[in-house]
Amino acid sequence: HRFFVSPAQDERGQLDGIMVFIVDITSEKRAEQVRRDFAANVSHELKTPLTSINGFAEMIETGMLQSSDDIRASCARIHREGSRLIRLIDDIIRLSEIESGSAEEQVAPCSLREIVDEAIASTESPAREKGIKISVSGEDVMLYGRRPMLYELVYNLLDNAIKYNVPKGSVTLSLSQKEERALLQVSDTGIGVPPEHLERIFERFYRVDKSRSKQTGGTGLGLSIVKHIVEYHHGTITLTSKEGEGTTFTVVLPKNGK
Ligand code: ADP
(Lines give C-alpha, C1' and ligand atoms only; values in the text may rest on other atoms or scores of the structure.)
Protein backbone atom coordinates (compact mmCIF):
# COMPACT_ATOMS: atom_id res chain seq x y z
CA HIS A 1 0.00 0.00 0.00
CA ARG A 2 1.03 3.60 -0.58
CA PHE A 3 -0.02 6.40 1.80
CA PHE A 4 -0.67 10.03 0.93
CA VAL A 5 -1.25 12.66 3.59
CA SER A 6 -2.91 15.97 2.79
CA PRO A 7 -4.25 18.86 4.91
CA ALA A 8 -8.04 19.17 5.08
CA GLN A 9 -9.69 22.60 5.06
CA ASP A 10 -13.16 23.68 6.12
CA GLU A 11 -15.40 25.84 3.89
CA ARG A 12 -13.60 29.02 5.10
CA GLY A 13 -10.22 27.62 4.18
CA GLN A 14 -9.17 27.00 7.78
CA LEU A 15 -7.11 23.95 8.61
CA ASP A 16 -9.57 21.34 9.78
CA GLY A 17 -7.52 18.18 10.10
CA ILE A 18 -5.58 15.86 7.86
CA MET A 19 -6.69 13.41 5.22
CA VAL A 20 -4.93 10.12 4.71
CA PHE A 21 -5.26 8.30 1.39
CA ILE A 22 -4.40 4.64 1.26
CA VAL A 23 -3.84 3.39 -2.26
CA ASP A 24 -3.63 -0.26 -3.08
CA ILE A 25 -0.62 -0.68 -5.39
CA THR A 26 -0.69 -4.46 -5.55
CA SER A 27 -1.80 -4.44 -9.20
CA GLU A 28 0.77 -1.73 -10.04
CA LYS A 29 3.49 -3.86 -8.48
CA ARG A 30 2.31 -6.96 -10.31
CA ALA A 31 2.33 -5.11 -13.62
CA GLU A 32 5.88 -3.98 -12.93
CA GLN A 33 6.93 -7.53 -12.11
CA VAL A 34 5.35 -8.78 -15.36
CA ARG A 35 7.27 -6.10 -17.29
CA ARG A 36 10.52 -7.04 -15.60
CA ASP A 37 10.01 -10.77 -16.23
CA PHE A 38 9.16 -10.00 -19.84
CA ALA A 39 12.38 -8.04 -20.37
CA ALA A 40 14.42 -10.88 -18.87
CA ASN A 41 12.59 -13.47 -20.98
CA VAL A 42 12.99 -11.44 -24.17
CA SER A 43 16.73 -11.21 -23.66
CA HIS A 44 16.95 -14.93 -23.11
CA GLU A 45 14.71 -15.83 -26.05
CA LEU A 46 16.67 -13.57 -28.41
CA LYS A 47 20.04 -14.72 -27.17
CA THR A 48 19.43 -18.43 -27.71
CA PRO A 49 19.12 -18.33 -31.53
CA LEU A 50 21.85 -15.68 -31.78
CA THR A 51 24.27 -17.84 -29.83
CA SER A 52 23.73 -20.74 -32.18
CA ILE A 53 24.01 -18.50 -35.26
CA ASN A 54 27.33 -17.24 -33.93
CA GLY A 55 28.55 -20.73 -33.14
CA PHE A 56 27.82 -22.13 -36.60
CA ALA A 57 29.25 -19.06 -38.34
CA GLU A 58 32.44 -19.38 -36.31
CA MET A 59 32.82 -23.06 -37.23
CA ILE A 60 32.59 -22.16 -40.91
CA GLU A 61 34.90 -19.18 -40.57
CA THR A 62 37.67 -21.07 -38.76
CA GLY A 63 37.57 -23.91 -41.25
CA MET A 64 36.44 -26.41 -38.64
CA LEU A 65 33.92 -27.75 -41.10
CA GLN A 66 35.51 -29.23 -44.19
CA SER A 67 32.95 -31.05 -46.27
CA SER A 68 30.52 -29.02 -48.29
CA ASP A 69 27.69 -31.08 -46.80
CA ASP A 70 28.65 -30.01 -43.27
CA ILE A 71 28.97 -26.41 -44.35
CA ARG A 72 25.59 -26.51 -46.06
CA ALA A 73 23.99 -28.08 -42.98
CA SER A 74 25.40 -25.30 -40.82
CA CYS A 75 24.11 -22.65 -43.18
CA ALA A 76 20.69 -24.27 -42.98
CA ARG A 77 20.82 -24.02 -39.18
CA ILE A 78 21.87 -20.37 -39.38
CA HIS A 79 18.99 -19.73 -41.75
CA ARG A 80 16.50 -21.50 -39.47
CA GLU A 81 17.63 -19.68 -36.35
CA GLY A 82 17.56 -16.38 -38.26
CA SER A 83 13.96 -16.99 -39.33
CA ARG A 84 13.12 -17.79 -35.74
CA LEU A 85 14.60 -14.47 -34.62
CA ILE A 86 12.53 -12.60 -37.19
CA ARG A 87 9.34 -14.34 -36.01
CA LEU A 88 10.18 -13.54 -32.41
CA ILE A 89 10.84 -9.87 -33.12
CA ASP A 90 7.66 -9.59 -35.21
CA ASP A 91 5.62 -11.10 -32.36
CA ILE A 92 7.23 -8.87 -29.73
CA ILE A 93 6.51 -5.76 -31.80
CA ARG A 94 2.93 -6.87 -32.47
CA LEU A 95 2.31 -7.57 -28.80
CA SER A 96 3.54 -4.17 -27.71
CA GLU A 97 1.54 -2.48 -30.47
CA ILE A 98 -1.69 -4.09 -29.28
CA GLU A 99 -0.86 -3.58 -25.64
CA SER A 100 -0.06 0.13 -26.00
CA GLY A 101 -3.11 0.71 -28.19
CA SER A 102 -0.92 2.03 -31.00
CA ALA A 103 -2.18 -0.51 -33.54
CA GLU A 104 -3.63 1.48 -36.41
CA GLU A 105 -6.48 -0.77 -37.51
CA GLN A 106 -9.91 0.80 -37.60
CA VAL A 107 -13.11 -0.84 -36.40
CA ALA A 108 -15.20 -2.11 -39.30
CA PRO A 109 -18.02 -4.63 -39.83
CA CYS A 110 -16.44 -8.07 -40.28
CA SER A 111 -17.79 -11.42 -41.36
CA LEU A 112 -16.48 -14.04 -38.97
CA ARG A 113 -17.02 -16.77 -41.54
CA GLU A 114 -14.89 -14.93 -44.07
CA ILE A 115 -12.07 -14.55 -41.54
CA VAL A 116 -12.32 -18.25 -40.59
CA ASP A 117 -12.17 -19.29 -44.25
CA GLU A 118 -9.14 -17.10 -44.83
CA ALA A 119 -7.33 -18.60 -41.83
CA ILE A 120 -8.15 -22.12 -43.05
CA ALA A 121 -6.76 -21.28 -46.49
CA SER A 122 -3.47 -20.07 -45.05
CA THR A 123 -2.97 -23.12 -42.83
CA GLU A 124 -3.76 -25.50 -45.64
CA SER A 125 -0.25 -26.75 -46.19
CA PRO A 126 0.67 -27.70 -42.58
CA ALA A 127 -2.79 -29.24 -42.19
CA ARG A 128 -2.36 -31.32 -45.34
CA GLU A 129 1.15 -32.42 -44.34
CA LYS A 130 -0.18 -33.73 -41.04
CA GLY A 131 -3.39 -35.15 -42.50
CA ILE A 132 -5.56 -32.92 -40.32
CA LYS A 133 -9.21 -32.53 -41.31
CA ILE A 134 -10.65 -29.06 -40.74
CA SER A 135 -14.37 -28.36 -40.67
CA VAL A 136 -16.59 -25.36 -39.96
CA SER A 137 -20.02 -25.43 -38.39
CA GLY A 138 -22.67 -22.81 -37.75
CA GLU A 139 -23.91 -19.69 -39.51
CA ASP A 140 -21.90 -16.59 -40.29
CA VAL A 141 -21.81 -13.86 -37.64
CA MET A 142 -21.22 -10.21 -38.42
CA LEU A 143 -19.42 -8.14 -35.83
CA TYR A 144 -17.60 -4.84 -35.44
CA GLY A 145 -13.88 -5.31 -34.95
CA ARG A 146 -10.41 -4.73 -36.30
CA ARG A 147 -10.26 -7.23 -39.11
CA PRO A 148 -6.50 -7.85 -39.21
CA MET A 149 -6.51 -8.53 -35.49
CA LEU A 150 -9.52 -10.85 -35.66
CA TYR A 151 -7.77 -12.72 -38.45
CA GLU A 152 -4.64 -13.06 -36.32
CA LEU A 153 -6.76 -14.32 -33.44
CA VAL A 154 -8.39 -17.07 -35.52
CA TYR A 155 -5.15 -17.90 -37.34
CA ASN A 156 -3.18 -18.36 -34.09
CA LEU A 157 -5.82 -20.63 -32.54
CA LEU A 158 -6.10 -22.68 -35.72
CA ASP A 159 -2.33 -22.89 -36.13
CA ASN A 160 -2.01 -24.24 -32.57
CA ALA A 161 -4.90 -26.67 -33.09
CA ILE A 162 -2.92 -28.13 -36.01
CA LYS A 163 0.52 -27.94 -34.36
CA TYR A 164 -0.56 -29.61 -31.13
CA ASN A 165 -2.77 -32.17 -32.86
CA VAL A 166 -2.04 -35.81 -33.57
CA PRO A 167 -1.39 -36.93 -37.16
CA LYS A 168 -4.72 -37.46 -38.98
CA GLY A 169 -6.52 -35.60 -36.21
CA SER A 170 -9.27 -33.07 -36.75
CA VAL A 171 -10.13 -29.45 -35.98
CA THR A 172 -13.61 -27.94 -35.81
CA LEU A 173 -14.37 -24.24 -35.86
CA SER A 174 -17.91 -23.43 -34.68
CA LEU A 175 -19.56 -20.05 -35.15
CA SER A 176 -22.66 -18.91 -33.32
CA GLN A 177 -24.28 -15.89 -31.76
CA LYS A 178 -26.22 -15.26 -28.63
CA GLU A 179 -27.99 -11.96 -28.17
CA GLU A 180 -25.33 -9.28 -28.58
CA ARG A 181 -22.37 -11.63 -28.62
CA ALA A 182 -20.47 -13.57 -31.26
CA LEU A 183 -19.06 -16.96 -30.28
CA LEU A 184 -16.18 -18.82 -31.86
CA GLN A 185 -15.00 -22.23 -30.71
CA VAL A 186 -11.88 -23.95 -31.96
CA SER A 187 -11.75 -27.62 -30.98
CA ASP A 188 -8.98 -30.07 -31.71
CA THR A 189 -8.34 -33.76 -31.14
CA GLY A 190 -4.75 -33.11 -30.08
CA ILE A 191 -2.42 -33.75 -27.18
CA GLY A 192 -4.35 -31.51 -24.76
CA VAL A 193 -3.04 -29.30 -21.97
CA PRO A 194 -2.28 -30.85 -18.57
CA PRO A 195 -4.53 -29.27 -15.88
CA GLU A 196 -1.61 -27.73 -13.96
CA HIS A 197 -0.66 -25.66 -17.02
CA LEU A 198 -4.14 -24.38 -17.92
CA GLU A 199 -3.91 -21.22 -15.88
CA ARG A 200 -0.57 -20.05 -17.26
CA ILE A 201 -0.99 -20.88 -20.91
CA PHE A 202 -1.76 -17.25 -21.96
CA GLU A 203 1.42 -15.90 -20.35
CA ARG A 204 4.19 -14.61 -22.58
CA PHE A 205 6.72 -17.28 -23.49
CA TYR A 206 4.88 -19.90 -21.46
CA ARG A 207 5.00 -23.31 -23.09
CA VAL A 208 3.94 -26.69 -21.78
CA ASP A 209 6.70 -28.46 -23.67
CA LYS A 210 9.51 -26.15 -24.64
CA SER A 211 11.25 -28.46 -27.07
CA ARG A 212 8.03 -29.34 -28.89
CA SER A 213 7.10 -25.69 -29.24
CA LYS A 214 10.55 -24.82 -30.62
CA GLN A 215 10.49 -27.77 -32.98
CA THR A 216 7.24 -26.56 -34.48
CA GLY A 217 8.64 -23.03 -34.79
CA GLY A 218 6.56 -21.50 -31.99
CA THR A 219 7.62 -18.29 -30.27
CA GLY A 220 5.58 -18.85 -27.12
CA LEU A 221 3.81 -15.54 -27.78
CA GLY A 222 0.87 -16.69 -29.92
CA LEU A 223 -1.67 -17.18 -27.15
CA SER A 224 -0.55 -14.06 -25.40
CA ILE A 225 -1.22 -12.08 -28.59
CA VAL A 226 -4.60 -13.85 -28.88
CA LYS A 227 -5.54 -12.85 -25.34
CA HIS A 228 -4.54 -9.22 -25.94
CA ILE A 229 -6.64 -9.10 -29.12
CA VAL A 230 -9.66 -10.53 -27.31
CA GLU A 231 -9.32 -8.01 -24.49
CA TYR A 232 -8.82 -5.18 -26.98
CA HIS A 233 -12.25 -6.13 -28.33
CA HIS A 234 -13.78 -6.35 -24.84
CA GLY A 235 -14.28 -10.11 -25.17
CA THR A 236 -13.29 -13.19 -23.20
CA ILE A 237 -11.37 -16.36 -23.99
CA THR A 238 -11.50 -19.62 -22.06
CA LEU A 239 -10.35 -23.16 -22.68
CA THR A 240 -11.21 -26.66 -21.66
CA SER A 241 -8.82 -29.49 -22.29
CA LYS A 242 -8.25 -33.14 -21.64
CA GLU A 243 -4.80 -34.64 -21.94
CA GLY A 244 -4.56 -37.02 -24.86
CA GLU A 245 -8.06 -36.12 -26.06
CA GLY A 246 -8.04 -32.52 -27.17
CA THR A 247 -8.62 -28.87 -26.43
CA THR A 248 -11.41 -26.37 -27.04
CA PHE A 249 -10.86 -22.62 -26.99
CA THR A 250 -14.01 -20.48 -26.68
CA VAL A 251 -13.91 -16.83 -27.71
CA VAL A 252 -16.84 -14.52 -26.93
CA LEU A 253 -16.87 -11.06 -28.51
CA PRO A 254 -19.43 -8.26 -28.31
CA LYS A 255 -20.94 -7.85 -31.81
CA ASN A 256 -20.95 -4.06 -31.57
CA GLY A 257 -17.23 -4.05 -30.72
CA LYS A 258 -17.84 -2.24 -27.42
P1 ADP B 1 3.77 -21.55 -29.07
O2 ADP B 1 4.51 -20.63 -29.95
O3 ADP B 1 4.66 -22.35 -28.17
O4 ADP B 1 2.76 -22.38 -29.78
P5 ADP B 1 1.50 -20.22 -27.78
O6 ADP B 1 1.49 -18.98 -26.95
O7 ADP B 1 0.71 -20.19 -29.03
O8 ADP B 1 3.03 -20.55 -28.04
O9 ADP B 1 1.01 -21.41 -26.88
C10 ADP B 1 1.58 -21.61 -25.59
C11 ADP B 1 1.62 -23.08 -25.24
O12 ADP B 1 0.29 -23.56 -25.05
C13 ADP B 1 2.20 -23.98 -26.32
O14 ADP B 1 3.59 -24.06 -26.22
C15 ADP B 1 1.53 -25.31 -26.04
O16 ADP B 1 2.24 -25.98 -25.04
C17 ADP B 1 0.17 -24.92 -25.46
N18 ADP B 1 -0.94 -24.98 -26.46
C19 ADP B 1 -1.46 -23.96 -27.19
N20 ADP B 1 -2.48 -24.36 -27.96
C21 ADP B 1 -2.65 -25.68 -27.72
C22 ADP B 1 -3.56 -26.68 -28.21
N23 ADP B 1 -4.50 -26.42 -29.10
N24 ADP B 1 -3.41 -27.94 -27.70
C25 ADP B 1 -2.46 -28.23 -26.79
N26 ADP B 1 -1.58 -27.33 -26.29
C27 ADP B 1 -1.67 -26.07 -26.74
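Along the sequence shown, residues carry numbers from 1. Order of listing sets the numbers, starting from 1, for every ligand and every atom in it. All values derive from a computational prediction rather than experimental measurement.
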If you draw a 6.0 Å radius around CD in Glu105, do more than 12 non-hydrogen atoms from other residues or ligands fall strictly inside?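 Count over threshold, so yes.
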Flag yes if more than 12 heavy atoms outside Glu196 fall under 6.0 Å of its CD atom; otherwise flag no.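 Yes, because the 6.0 Å sphere around CD of Glu196 holds more than 12 heavy atoms from other groups.
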What is the closest protein heavy atom to [atom], and at what distance does it sit?
atom: atom 23 (N) of ligand 1; answer: Asp188 OD2, 2.9 Å
atom: atom 7 (O) of ligand 1; answer: Asn160 ND2, 2.9 Å
atom: atom 5 (P) of ligand 1; answer: Leu223 N, 3.6 Å
atom: atom 27 (C) of ligand 1; answer: Tyr164 CD1, 3.7 Å
atom: atom 26 (N) of ligand 1; answer: Val193 CG2, 3.5 Å

Do the ring planes of Phe202 and Phe249 sit parallel (below 30°), tilted (30 to 60°) or perpendicular (above 60°)?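 The rings of Phe202 and Phe249 stand perpendicular, inter-plane angle above 60°.
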Measure the distances from the heavy atoms of Gly190 to every atom of ligand 1 and state whether one is below 4.0 angstrom.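 Contact check Gly190 vs ligand 1: negative.
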Check for me whether Lys163 has a heavy atom closer than 4.0 Å to any atom of ligand 1.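 Heavy atoms of Lys163 do come under 4.0 Å of ligand 1.
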Under 4.0 Å from a heavy atom of Gly192: give me the atoms of ligand 1 that qualify, with their elements.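 Reading through ligand 1 atom by atom, the close ones are 25 (C).
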Atom indices of ligand 1 within 4.0 angstrom of Thr219 heavy atoms, with elements: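 Those of ligand 1 that fall under 4.0 Å from Thr219 are 2 (O).
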One residue to check: [X]. Relative to ligand 1, which of side chain, backbone, both or neither has a non-hydrogen atom less than 4.0 Å away?
X: Tyr206; answer: backbone
X: Leu157; answer: neither
X: Val208; answer: both

Please determine if [X] and [Y] form a salt bridge, counting it only when a charged side-chain N lies under 4.0 Å from a carboxylate O.
X: Glu118; Y: Arg147; result: yes
X: Glu45; Y: Arg87; result: no
X: Glu152; Y: Arg146; result: no
X: Glu32; Y: Lys29; result: no

Can you tell which of Ala161, Gly217, Pro194, Gly220 gets a heavy atom nearest to atom 8 (O) of ligand 1?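 Minimum heavy-atom distance to atom 8 (O) of ligand 1 goes to Gly220.
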Any idea which of Gly222, Ser213, Gly246 brings a heavy atom closest to atom 3 (O) of ligand 1?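 Minimum heavy-atom distance to atom 3 (O) of ligand 1 goes to Ser213.
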Quiz item: cation-pi between Arg77 and Phe56, 6.0 Å / 45°: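 No, Arg77 does not lie over the aromatic ring of Phe56.
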Ile201, any N or O under 3.5 Å of ligand 1 N or O: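 Min N/O separation from ligand 1 is not below 3.5 Å for Ile201.
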Can you find an N/O atom of Gly218 closer than 3.5 Å to an N/O atom of ligand 1?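 Not met; the criterion fails.
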For Val171, the option from Val186, Thr189, Asn160 that meets side chain to side chain contact (heavy atoms under 4.5 Å, CB included):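 With Val171 as partner, side chain to side chain contact (heavy atoms under 4.5 Å, CB included) holds for just one option, Val186.
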Hphob cluster co-occupancy, Tyr144 + Ile98, side-chain heavy atoms under 4.5 angstrom: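 Shared cluster, no.
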